[in-house]
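Throughout, a chain's letter reflects where its sequence line sits, starting with A, and its residues are numbered from 1.
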Protein chains: 2
Amino acid sequence: MPAPQRVTRAALTTAARAIAEDEGIDAVTISAVAAVVGVRPPSLYKHVGHRHDLLRLIADDAARELDEDVAALAGSTTDPAAMLTAIARAFRAFSARSPRASSLLFAGAALGTEGAEPQSEGMVALTRTLLSAVQATTPSDPLPAARTLTAWAHGFCTMEQAGAFRLGGDVDEAFEFGLATLVGALTAHR
Amino acid sequence: MPAPQRVTRAALTTAARAIAEDEGIDAVTISAVAAVVGVRPPSLYKHVGHRHDLLRLIADDAARELDEDVAALAGSTTDPAAMLTAIARAFRAFSARSPRASSLLFAGAALGTEGAEPQSEGMVALTRTLLSAVQATTPSDPLPAARTLTAWAHGFCTMEQAGAFRLGGDVDEAFEFGLATLVGALTAHR
DNA sequence: ACCTGAACACCGTTCAAGT
DNA sequence: ACCTGAACACCGTTCAAGT
């Protein structure tokens with residue numbers, strides 16, 4: 001009689017993400033995740049190839065969740081500037097809620113992704129959602145515009161969570177300043 | 001007769017940074033660095049407290065080097081927009097030259113920095129240089145402006161090096177678009 | 001004063017063996 | 001079909017001992 005499956009991908013993801021947020025990315029080990037899902041370390045290799053796959057599960061889960069947040073804003077406004085502003089704030093809210101997971105969102109190299117791996121489903125969905133939102137704003141060439149906004153939001157949130165803004169000053173104010181500057185410029189012409 | 005010092009901070013830094021760029025951050029271990037500097041692993045604890053200190057040495061070294069690059073631009077132009085543009089391009093050039101080290105620049109958490117550690121000398125210098133450069137542009141409140149530009153540049157370069165821009169499109173063009181957008185907006189008024 | 005060997009607790013990973 | 005124990009190579013870290 002074959003043994004019933006005791007480890008699901010969802011359980012792995014939940015366990016890995018919880019450990020990441022509670023104890024840091026370095027604590028996301030094969031051993032720790034195995035212990036949480038109630039199995040011995042070697043068993044995990046039936047489901048993942050390497051330890052980095054655990055980080056990829058976290059990143060994909062985070063991308064899906066953030067995509068839901070962003071997609072949920074779709075009908076909230078028809079004003080392009082208001083939409084971009086809402087998306088960026090959703091980014092920051094997610095980053096504050098799940099700092100470790102969000103730090104993995106665009107961290108291909110840290111995930112052992114040496115450039116050859118396909119994008120995760122979650123990232124594909126998130127990218128598509130972001131691009132179509134930006135498209136409504138600057139129909140000419142949405143890709144550079146989307147990359148600009150994403151790069152800024154990702155950089156700001158990453159730096160904020162890493163404690164890089166220590167010179168005093170209001171970090172909320174800096175975020176809103178940057179956001180207004182960028183959204184203003186992106187929606188100004190055409 | 002006391003043994004002569006065989007491990008210097010400079011040697012540690014050089015070894016750690018070389019390993020980081022050649023084999024990745026995860027390969028920067030106490031053992032690997034010890035082997036490169038020609039000593040047994042336990043000896044390193046006379047010079048660093050934990051493995052994370054090796055990453056901090058790399059980050060500090062990177063900050064110093066980037067600060068030099070940025071400071072060297074000081075007399076190159078008197079046009080504020082041209083100055084900010086040159087600084088951002090120096091950022092990206094450094095990121096391309098030293099992707100692993102630059103990924104550690106603002107990565108407090110990944111360095112075991114849980115918020116209590118003082119800024120490294122290199123980061124203090126770099127921050128001061130950047131802030132004074134931006135001050136010449138927007139004298140009113142340079143801090144949010146500097147944070148906006150830094151967050152975007154850091155986010156863009158980090159994502160680029162992580163392979164996050166895979167949807168095609170010209171990445172150079174996206175960088176220049178974002179840079180022109182941001183610098184234009186930051187230098188537009190007042 | 002600095003370096004070493006030995007030791008400990010831990011990890012990732014493989015694989016033959018169990019059920 | 002899935003899980004386990006045993007094993008291997010490795011790592012961070014401590015500490016008493018060498019010179």
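In this view, Ala32(A) and Ile19(A), Thr29(A) satisfy the side chain to side chain contact (heavy atoms under 4.5 Å, CB included) rule, not counting sequence neighbours. Not counting sequence neighbours, the partners of Ala96(A) by the side chain to side chain contact (heavy atoms under 4.5 Å, CB included) test are Gln161(A).
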Enumerate donor-acceptor pairs with a distance under 3.5 Å from any side-chain N or O in residues 179-186 of chain B to protein atoms, sequence neighbours excluded.
unit_1: Thr181(B); atom_1: OG1; unit_2: Phe177(B); atom_2: O; d: 2.7

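From Arg147(A), atom CZ reaches atom CG of Leu130(A) across 12.0 Å, with rounding to the nearest 0.5 Å.
A heavy atom closer than 4.0 Å to some atom of DNA chain D occurs in Val39(A), Arg40(A), Pro42(A), Ser43(A), His47(A), these being the qualifying members of residues 39-49 of chain A. Residues from residues 9-17 of chain B that place a heavy atom under 4.0 Å from any atom of DNA chain C: there are none.
Sequence neighbours left out, the pairs with a member in residues 8-20 of chain A that pass salt bridge (Lys or Arg N to Asp or Glu O under 4.0 Å) are Arg9(A)-Asp60(A), Arg17(A)-Asp61(A), Arg17(A)-Glu65(A). Counting only residues at least two apart or in different chains, salt bridge (Lys or Arg N to Asp or Glu O under 4.0 Å) contacts with residues 81-93 of chain B comprise Arg89(B)-Glu176(B), Arg92(B)-Glu160(B), Arg92(B)-Asp172(B). Listed by first and then second residue, the salt bridge (Lys or Arg N to Asp or Glu O under 4.0 Å) pairs involving residues 66-88 of chain A are Asp69(A)-Arg97(A) (not counting sequence neighbours). Residue pairs meeting the side-chain hydrogen bond (donor to acceptor under 3.5 Å, both in side chains) criterion with at least one partner in residues 35-50 of chain A, sequence neighbours excluded, are absent. Residue pairs satisfying the ring-ring contact (aromatic ring centres under 6.0 Å, His included) criterion with at least one member in residues 150-172 of chain A, sequence neighbours excluded, are listed as follows: Phe106(A)-His154(A), Trp152(A)-Phe156(A), Trp152(A)-Phe175(A), Phe156(A)-Phe165(A), Phe156(A)-Phe175(A).
Between the CD atom of Glu23(B) and the P atom of dC11(D) there is a distance of 10 Å, given to the nearest Å. Between Arg51(A) atom CZ and dC10(C) atom P there is a gap of 17 Å when expressed in whole angstrom units. At whole-Å resolution of the value, CG in Leu55(B) and P in dG12(D) are 11 Å apart. The separation between Ile30(A) atom CD1 and dT13(C) atom P is 6 Å, rounded to whole Å.
Note: the hydrophobic cluster containing Val124(B) does not contain Leu55(B) (ILVMFWY, side chain heavy atoms under 4.5 Å, direct or indirect links).
Membership of the apolar cluster around Leu131(A) extends to Leu143(A), Leu167(B), as traced through chained side-chain contacts below 4.5 Å between ILVMFWY residues.
Contact annotation: Ser31(B) side-chain N/O to dG12(D) OP1/OP2 distance is under 4.0 Å.
DNA chain C forms stems at C:4-8 with D:12-16, C:12-16 with D:4-8, each a run of 3 or more consecutive Watson-Crick or G-U wobble pairs whose two key distances fall under 3.5 Å.
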